[in-house]
**Student:** 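Handing you this structure, nothing more for now.
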Amino acid sequence: MADCLQILSAIALVSIAVYYYLTSSFDFWKSRGVPGPEPIPVFGNIKDVFFRKKHLGIYIKQLYEKYKNEPLIGIFLRGSPNVVVCDMDLIKDVLIKDFSVFDDRGVVINEKVEPLSQNIFSLEAKRWRPLRTRLSPVFTSGKLKEMFHLIMECSEQLEKYLEKLEEKGQPIECREVAAKFTTDVIGSCAFGINMNSISDEESEFRRMGKTVFSTSLLNILKVTFRESLPKLYFFIMSLQPYPKFTSFFIRVVSDTIKYREENNVIRPDFVNMLIELKNHPEKLQDIEITDNLLTAQAMVFFAAGFETSSTTICHALYEMALNQQIQDKLRVEIKQFSTKNNSSFKYDDVKEMKYLDKIFKETLRKYPPGTLLRRKCNKEYTFSNTKVTIPKDTGIFVPVYALHHDSNIYPNPEVFDPERFNDDAVAARHPMSFLPFGDGPRNCIGARFAVYQTKVGLIKTLENFKVDVCEKTMIPYESDPRSLVHGPKGGIYLKLSKVTNLAET
């Protein structure tokens, strides 16, 4: 009997110790006077996010609405305190004014286990800053103008592909069609490689792209394991060979660089800039230039470039199908520019298409691919006009999706209304109310490229084709809680039909 009591006492003591360990930080926000939901052991405030029942950005939107008008909301990712910055003036401080304090995204990387994780998106400030400086010239308007004909060549292939799909008379899955197009654009413009995603159903690049953003159970478990127990995850993964997509990208980028150097091939693209960095490592000061570091930059440009743009094309087409008058008005603008240039489009035409730009921006408002911006402070920080001080390494969230759906900023936020982006309406809003590409020094480096490839994809789809809802169209819209970017659950299926003349619009 005494032995049983001792065992029970030991179990009780261990349970109390574990409980204390798991909850020891839970007074963090209360002690600072920051409101927020009550956390629970193990999960903190993200149990539904942990089990992939909700996307983190959608969950934070719910908190944003619950704690309306609060400048800051305190939450816990498991046992780690993070703060959601809701006040737009404070957001401006984080992203721009006090950027030097928030120059890190707080992404845990292990370049030995995951060599492609050392990319410009995830890197700490020490390596990010010089890399950003050296890679930025690839994305200037001048460079993009030089590559524009390559985007148009890919769009011609897209148009031929759409003609074949239309002849079949079956609903098309817009996200996959758009991903084939953006994969080919990235391949041509960034790497000088014909990836054949549109013409080849078995394109290896498209298969690898799917792998990177796969929402399979195995992938979800790996991501969850990595986020929850990073040290154990990296130890176990260090015993495994590289994933197929890692080996694939290392081989492709290395072979491309080798071929260009041996054959003196020079193109105004991303790979050429990587070759420049490889041949002139002094430009990156004390950073060690390795093949893996170079490949990591190429891989993140490929992955982010095709996925975010294809999702945006998909969402825009979905709204065009639901709002036929808007679609018709856009097609009139497209036809006007097409007629002016004998059925072709120039770089400057895309820039001048005002209604297309409004539709593009309204799509990003309603469906931002990145629902959150994440930062980590590198020293103790006190938020302006508050008494709230956070210690070094506290995580920061900027709730992009919540801001884009705030009815005080955008009345009737679920209504798709391109007129929200009239010049006067934009000027009347706070600059931090629209953040699809982030803001400040660490904003999206490829934003200009994304804008053009997305708009060209929409132009070529809607110039000669009409999209409409069908029996497989998801109404109402439902987002995929397992997706890395904000995307539709199960895809977007629409009916495609040929437009033979403008009168049909």
**Student:** Quick one, M152 and V456 - any side-chain contact, counting heavy atoms below 4.5 Å?
**Tutor:**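 Of all side-chain heavy-atom pairs linking V456 with M152, at least one is under 4.5 Å.
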
**Student:** Looking only at heavy atoms, which two atoms of L123 and W128 are closest? And how far apart?
**Tutor:**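 That closest heavy-atom pairing would be O-CB, 3.9 Å.
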
**Student:** With a 4.5 Å limit on heavy-atom distance, are the side chains of R375 and D104 in contact?
**Tutor:**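 A side-chain contact under 4.5 Å is absent here.
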
**Student:** Do Q325 and D328 pair up side chain to side chain, a donor and an acceptor below 3.5 Å, judged on atom types alone?
**Tutor:**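 Judged by distance alone, the side chains do not pair up.
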
**Student:** Going through the checks in order, is the salt bridge (charged side-chain N to carboxylate O under 4.0 Å, His left out) test met by E471 and K495?
**Tutor:** CA-CA 9 Å; E471 66 279 359; K495 177 184 176 183; over 6 Å; no

**Student:** Looking only at heavy atoms, which two atoms of I409 and S433 are closest? And how far apart?
**Tutor:**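 Answer, listing the atom of I409 first, then S433: CG2-CB, 3.7 Å.
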
**Student:** If you define the side chain from C-beta out and look only at heavy atoms, does anything of L435 sit under 4.5 Å from M432?
**Tutor:**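 When only atoms from C-beta onward are counted, M432 and L435 do touch, with a gap below 4.5 Å.
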
**Student:** Looking at Y410, is R365 sitting on its ring face, NZ or CZ under 6.0 Å from the six-membered ring centre and within 45 degrees of the normal?
**Tutor:**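 Yes, R365 and Y410 form such a contact.
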
**Student:** Atom SG in C189, atom NZ in K143: separation rounded to 0.5 Å?
**Tutor:**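 Answer for the SG-NZ pair, C189 versus K143, is 13.5 Å.
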
**Student:** Hey, could you give me the OG1/CD1 distance between T461 and I334, rounded to the nearest 0.5 Å?
**Tutor:**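 It is 8.5 Å, given to the nearest 0.5 Å.
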
**Student:** I want to check a possible cation-pi pair here: R429 against F421, using under 6.0 Å from ring centre and within 45° of the ring axis as the test.
**Tutor:**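 Yes, a cation-pi geometry holds between R429 and F421.
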
**Student:** Given R105 and R442, is the side-chain contact (heavy atoms from CB on, under 4.5 Å) satisfied, shown in steps?
**Tutor:** CA-CA 9 Å; R105 294 189 190 275; R442 202 146 189 175; 3.5 Å; yes

**Student:** Got more than 12 heavy atoms from elsewhere within 6.0 Å of CG, N263?
**Tutor:**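 Yes, enclosed.
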
**Student:** Centroid separation under 6.0 Å, is that true for the rings of H55 and Y401?
**Tutor:**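 Here the rings of H55 and Y401 have centres that are no less than 6.0 Å from each other.
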
**Student:** Show your reasoning for whether salt bridge (charged side-chain N to carboxylate O under 4.0 Å, His left out) applies to R331 and E463.
**Tutor:** CA-CA 6 Å; R331 189 175 294 106; E463 180 183 13; over 6 Å; no

**Student:** Give a yes or no answer on whether the side chain of S122 reaches the backbone of Q118 with a donor-acceptor pair at less than 3.5 Å.
**Tutor:**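 Side chain of S122 to backbone of Q118: no pair is present.
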
**Student:** Dump the intermediate steps for side-chain contact (heavy atoms from CB on, under 4.5 Å) on N82 and I396, then the final yes or no.
**Tutor:** CA-CA 6 Å; N82 287 252; I396 313 291; over 6 Å; no

**Student:** Do any N or O atoms from the side chain of K358 and from the backbone of R420 form a donor-acceptor pair under 3.5 angstrom?
**Tutor:**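 A pair under 3.5 Å: no.
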
**Student:** Taking the side chain as every heavy atom from C-beta outward, state whether I91 and L403 have any atom pair closer than 4.5 Å.
**Tutor:**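 Yes, side chains in contact.
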
**Student:** Would you say Y347 and H149 are linked by a side-chain donor-acceptor pair, where the criterion is simply a distance under 3.5 Å?
**Tutor:**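 Note: H149 and Y347 side chains miss the donor-acceptor criterion.
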
**Student:** I'd like to know if the side chain of T308 and the backbone of A304 have a donor-acceptor N/O pair within less than 3.5 Å.
**Tutor:**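 Here the side-chain-to-backbone pair exists.
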
**Student:** Using 0.5 Å steps for rounding, measure from the OG1 atom of T454 to the CD1 atom of I359.
**Tutor:**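 So the gap between those two atoms works out to 13.5 Å.
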
**Student:** Assess whether a salt bridge exists between E307 and R175, defined as any Lys/Arg side-chain N lying under 4.0 Å from an Asp/Glu carboxylate O.
**Tutor:**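 Yes.
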
**Student:** Cut-off 3.5 Å, side chains only: do N464 and E159 have a donor facing an acceptor?
**Tutor:**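 Their side chains do contain a donor-acceptor pair, which is all the 3.5 Å distance test asks for.
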
**Student:** Does any part of the side chain of I186, heavy atoms only, come nearer than 4.5 Å to the side chain of F449, both counted from C-beta?
**Tutor:**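 Result yes, sub-4.5 Å side-chain heavy-atom pair found.
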
**Student:** Roughly how far, to the nearest 0.5 Å, is the CG atom of D417 from the CD atom of E319?
**Tutor:**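 One finds 11.0 Å between CD of E319 and CG of D417.
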
**Student:** On a heavy-atom basis, which atom in D348 and which in K145 lie closest, and how many Å separate them?
**Tutor:**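 So the minimum-distance heavy-atom pair works out to OD2-NZ, 3.8 Å.
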
**Student:** Would the F302 and F270 ring centres measure less than 6.0 Å apart?
**Tutor:**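 Centroid separation for F302 and F270: 6.0 Å or greater.
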
**Student:** So which atom in N443 and which in G438 form the shortest heavy-atom distance, rounded to 0.1 Å?
**Tutor:**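 For N443 versus G438, the nearest heavy atoms are CB-C, 4.0 Å.
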
**Student:** Locate the shortest heavy-atom distance separating L356 from K455; write the atom from each residue and the value.
**Tutor:**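 Answer, listing the atom of L356 first, then K455: CD2-CB, 3.8 Å.
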
**Student:** Quick check on K376: does its NZ atom have over 12 non-hydrogen neighbours (other residues, nucleotides or ligands) under 6.0 Å away?
**Tutor:**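 For K376, atom NZ is crowded (more than 12 foreign heavy atoms under 6.0 Å).
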
**Student:** Do side-chain atoms of T339 reach the backbone of Q336 as a donor and acceptor pair under 3.5 angstrom?
**Tutor:**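 Answer holds: no.
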
**Student:** Checking the side chain of Q327 only, and the main-chain atoms of N323 only, is there a donor and an acceptor separated by less than 3.5 Å?
**Tutor:**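 No.
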
**Student:** Between T473 and Y493 (side chain of the first, backbone of the second, donor and acceptor by atom type, cut-off under 3.5 Å), is there such a pair?
**Tutor:**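 The answer is yes, because a donor-acceptor pair under 3.5 Å joins these two groups.
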
**Student:** Do the side chains of K498 and F465 get nearer than 4.5 Å, heavy atoms only?
**Tutor:**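 They are in side-chain contact.
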
**Student:** Keeping S254 on the side-chain end and R251 on the backbone end, is there a donor-acceptor pair under 3.5 Å?
**Tutor:**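 Between the backbone of R251 and the side chain of S254 there is no qualifying donor-acceptor contact (under 3.5 Å).
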
**Student:** Measure from NZ or CZ of K329 to the centre of the six-membered ring of Y355, then state whether that distance is under 6.0 Å and the direction lies within 45° of the axis.
**Tutor:**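 Yes.
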
**Student:** For a quick test of reading the model, state the closest non-hydrogen atom pair linking G487 to Y477 and the distance between them.
**Tutor:**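 Here G487 and Y477 meet closest at C-OH, 3.1 Å.
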
**Student:** Here's a test for you: under side chain to side chain contact (heavy atoms under 4.5 Å, CB included), which of T311, T312, I313 qualifies with T182?
**Tutor:**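 It is I313, the one option of T311, T312, I313 that forms the side chain to side chain contact (heavy atoms under 4.5 Å, CB included) with T182.
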
**Student:** Please say whether the positively charged group of R78, taken as NZ for Lys or CZ for Arg, lies over the ring of F43, i.e. under 6.0 angstrom from the six-membered ring centre and within 45 degrees of the axis.
**Tutor:**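 No, cation not above the ring by the 6.0 Å, 45° rule.
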
**Student:** Please walk me through it: do K180 and D184 pass salt bridge (charged side-chain N to carboxylate O under 4.0 Å, His left out)?
**Tutor:** CA-CA 6 Å; K180 288 174 179 286; D184 282 356; over 6 Å; no

**Student:** Taking everything shown except K351 itself, do over 12 heavy atoms lie less than 6.0 Å from its NZ?
**Tutor:**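 Check fails, neighbour count at 12 or below.
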
**Student:** For the pair E173 (side chain) and I492 (backbone), establish whether a donor and an acceptor sit closer than 3.5 Å, ignoring hydrogens and angles.
**Tutor:**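 Checked: pair present.
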
**Student:** Can you find a pair of side-chain heavy atoms, one from I109 and one from E114, that are under 4.5 Å apart?
**Tutor:**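 No, too far: nothing below the 4.5 Å cut-off.
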
**Student:** So do L135 and I445 actually touch side chain to side chain, heavy atoms under 4.5 Å?
**Tutor:**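 Yes; the side chains approach each other to less than 4.5 Å.
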
**Student:** Could you tell me whether a side-chain N or O of N422 sits under 3.5 Å from a main-chain N or O of A425, the two making a donor and an acceptor?
**Tutor:**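 Answer holds: no.
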
**Student:** Less than 6.0 angstrom separating the ring centers of F148 and F345, yes or no?
**Tutor:**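 Centroid distance F148-F345: not below 6.0 Å, so no.
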
**Student:** Could you tell me whether Y161 and F181 have their ring centroids closer than 6.0 angstrom?
**Tutor:**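 Distance test on ring centres: not under 6.0 Å, no.
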
**Student:** Measure the spacing between OG of S155 and CD of Q453 and express it to the nearest 0.5 Å.
**Tutor:**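 It comes to 11.5 Å.
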
**Student:** Does S238 use its side chain to pair, donor to acceptor, with the backbone of F235 at less than 3.5 Å?
**Tutor:**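 It does hold such a pair.
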
**Student:** Would you sort out whether F416 and I326 count as a side-chain contact (heavy atoms from CB on, under 4.5 Å), showing the intermediate values?
**Tutor:** CA-CA 9 Å; F416 187 86; I326 295 176; 3.9 Å; yes

**Student:** Distance from Q170 atom CD to K472 atom NZ, nearest 0.5 Å?
**Tutor:**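 Going from CD on Q170 over to NZ on K472, the span is 8.5 Å.
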
**Student:** Verify salt bridge (charged side-chain N to carboxylate O under 4.0 Å, His left out) between E166 and K466, making sure each step is shown before the conclusion.
**Tutor:** CA-CA 10 Å; E166 191 272 337; K466 177 183 178 182; over 6 Å; no

**Student:** Would you kindly say whether Y59 and D48 are connected by a side-chain donor-acceptor distance under 3.5 Å?
**Tutor:**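 The criterion, which ignores hydrogens and geometry beyond distance, is not satisfied for D48 and Y59.
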
**Student:** Do L56 and T371 pass the side-chain contact (heavy atoms from CB on, under 4.5 Å) test, and can you show the C-alpha distance, the side-chain angles, and the key distance before you say yes or no?
**Tutor:** CA-CA 8 Å; L56 182 58; T371 58; 5.9 Å; no

